[in-house]
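Only one structure is covered here, and it is reproduced in the block below.
Quick note: residue numbers are just sequence positions, from 1.
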Amino acid sequence: MSPSMEEEEDTSFETMKKEVYDINGVNGINEKGESFDPSAPPPFKIADIRAAIPKHCWIKNPWRSMNFVFRDVNVVLALAVAAVYLDSWLFWPIYWVAQGTMFWALFVLGHDCGHGSFSDNPILNSVVGHVLHSSILVPYHGWRISHRTHHQNHGNVEKDESWVPLPEKIYKNLDVRTRFLRFTIPFPLFAYPLYLWYRSPGKEGSHFNPRSNLFTPEERKLVMTSTACWTAMVILLAYLSFAVGPSQMFKLYGIPYSIFVIWLDLVTYLHHHGHEQKLPWYRGKEWSYLRGGLTTVDRDYGLFNNIHHDIGTHVIHHLFPQIPHYHLVEATKAAKPVIGEYYREPKKSGPIPFHLIRNLVTSFRQDHYVSNTGDVVYYQTDPEMFRLLSLGKSE
């Protein structure tokens, strides 16, 4: 490398470090003198929010829920039939995006089964949840239980389960390859299958292993059942690959599955990261269910809002996961006057939510770790990471 290039790199690197400081500010808050502190204990209680939500929003209608299942399954089947019939490279890309999005919609309905917001019948929830989630290679009970842990501990650095910030000591121990894969798009958008098998850095266990520390002894049989259903789906896919050919199955199922994984990682990440204002994470006595839930973020996904069952109405969903998805928009509207400044209005989307790409990219460039200590912490940026990654790639 020439001296001029080295000087240019050093200058840009120093500029980046200054930008990082401006982003992190004091304890992760930028120094713009905001009058509102999102980490301050709210002046209302969760009971106040609950009281503001109309009573009918809490009612679960199993027939209405099943209608969404029939709708989505029929769309999935119709897309597959159209793809096989047309077998055209003009249609295949359309099919992959559409079918991957529908796989994601099926996941959301299974997600509702896991929360019990699908119906008041546990057996119906379990049967529908297993069918929907197994069809897209998700172990229903294994995921349901870990997702329950996520909801019960949202915003808690030590106990949360999904896209949890890494304490600095864990972050610093990651090798260059792991940092590159974790913080460089598109790699984090394919993380979900690995998470099911290995969880996140700093955590142990598997969603498939009934003896994992994710589960209590009483839950082991449930996990075994879900793992058996997942295995049956894998066997079915293997059989179909022999029957119609692996190339055809890759086009019909493999690529849409990848699109589904991207949707899942994108949505679940952006509901807890990437807001324009840095949001707090908590430990110890500072954490509460309400304060943790108020750090979640609603998103507008344009024309996809209805397709994936209004999953973007995430704040109220996190505080009250028992509310059916078809009441979340109304419940959110009713709750906003109570929540006030603690509710962050999502940016209005066009038909395609391209605006979220900037949020995603910015967050992965800035949100790397949190302090090892402190009960209220904010994401901090590692100014050395990009240079470290460059060195790793050149070796």
Side-chain angles (χ1 to χ4, degrees), residues 63-114 118 127-140 143 186 189-193 196 229-230 232-268 270 299-312 324-326 349-354 356-357:
W63 295 107
R64 188 172 182 180
S65 296
M66 285 302 300
N67 183 60
F68 284 108
V69 173
F70 292 137
R71 183 196 77 174
D72 289 358
V73 169
N74 283 330
V75 172
V76 167
L77 294 176
L79 285 170
V81 169
V84 172
Y85 177 77
L86 295 174
D87 196 17
S88 166
W89 284 106
L90 294 176
F91 183 72
W92 279 115
I94 299 172
Y95 167 79
W96 292 331
V97 174
Q99 192 70 296
T101 301
M102 291 311 302
F103 280 13
W104 165 236
L106 294 181
F107 175 89
V108 175
L109 291 178
H111 156 274
D112 288 357
C113 292
F118 188 86
V127 171
V128 174
H130 271 97
V131 171
L132 294 177
H133 274 192
S134 298
S135 71
I136 50 175
L137 296 179
V138 175
Y140 173 70
W143 169 85
L189 298 180
F190 295 95
Y192 185 66
L196 289 177
C229 291
W230 182 92
M233 183 62 189
V234 171
I235 294 172
L236 175 61
L237 290 173
Y239 170 77
L240 292 174
S241 295
F242 281 108
V244 303
S247 175
Q248 187 77 336
M249 277 303 296
F250 181 71
K251 291 188 292 184
L252 282 172
Y253 188 91
I255 297 179
Y257 173 79
S258 298
I259 300 296
F260 149 64
V261 169
I262 291 173
W263 264 116
L264 190 152
D265 283 323
L266 172 74
V267 171
T268 55
L270 287 177
R299 299 290 186 183
D300 183 1
Y301 296 99
L303 64 84
F304 297 101
N305 286 330
N306 179 263
I307 296 173
H308 63 200
H309 310 293
D310 291 314
I311 195 68
H325 75 264
Y326 41 82
S349 175
I352 309 298
F354 291 120
L356 294 177
I357 296 176

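- Taking the side chain as every heavy atom from C-beta outward, Y301 and L356 approach each other to under 4.5 Å.
- With rounding to the nearest 0.5 angstrom, the CE atom of M102 is 10.0 Å from the CG atom of L77.
- Ring geometry, Y326 versus F68: the interplanar angle falls under 30°, so the pair is classed parallel (tilted spans 30 to 60°).
- Atom CZ of F103 and atom CG of L137 lie 9.0 Å apart (nearest 0.5 Å).
- Of all heavy-atom pairs spanning I352 and L303, the tightest one is CD1-CD2, 4.0 Å.
- In this structure the side chain of H309 reaches within 4.5 angstrom of the side chain of L109, judged on heavy atoms.
- The ring pair (Phe, Tyr, Trp, His ring centres under 6.0 Å) check on F118 picks up nothing, with sequence neighbours excluded.
- Here H325 contributes atom NE2 and D112 contributes atom CG; the two are 6.0 Å apart, rounded to the nearest 0.5 Å.
- In terms of heavy-atom proximity, A191 sits nearest to D265 at N-OD2, 3.0 Å.
- Ring centers of W263 and F107: at least 6.0 Å apart, outside the cut-off.
- Minimum heavy-atom separation, L132 to I136: O-CG1, 3.4 Å.
- Listed by chain and residue number, W92 satisfy the ring pair (Phe, Tyr, Trp, His ring centres under 6.0 Å) test with Y95 (two or more places apart in sequence, or in another chain).
- Nearest heavy-atom pair, G129 versus C113, reported as atom, atom and distance to 0.1 Å: N-SG, 3.7 Å.
- Counting heavy atoms from C-beta outward, L106 and V73 have side chains that approach closer than 4.5 Å.
- If you take CG on N67 and CG on D72, they are separated by 9.5 Å, rounding to the nearest 0.5 Å.
- Using cut-offs of 30° and 60° on the angle between ring planes, the pair W143 and H111 is tilted.
- Among all heavy-atom pairs drawn from D300 and P353, the shortest one is O-CB, 3.9 Å.
- Rounding to the nearest 0.5 Å places CZ of R299 at 12.5 Å from CG of N305.
- Expressed to the nearest 0.5 Å, how far CD1 of I262 lies from OH of Y192 amounts to 15.0 Å.
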Using residues 233-258 as the side-chain source, report each donor-acceptor pair under 3.5 Å to any protein atom, sequence neighbours left out, with the distance given to one decimal.
residue, atom, partner, partner atom, Å
S241, OG, L237, O, 2.9
Y253, OH, S135, O, 2.7
S258, OG, G254, O, 3.3

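- Shortest non-hydrogen contact noted between V97 and I259 is O-CG2, 4.1 Å.
- With hydrogens and angles ignored, the 3.5 Å screen pairs a side-chain donor or acceptor of Y140 with a backbone N or O of G114.
- At least one side-chain heavy atom of V138 sits less than 4.5 Å from a side-chain heavy atom of F260.
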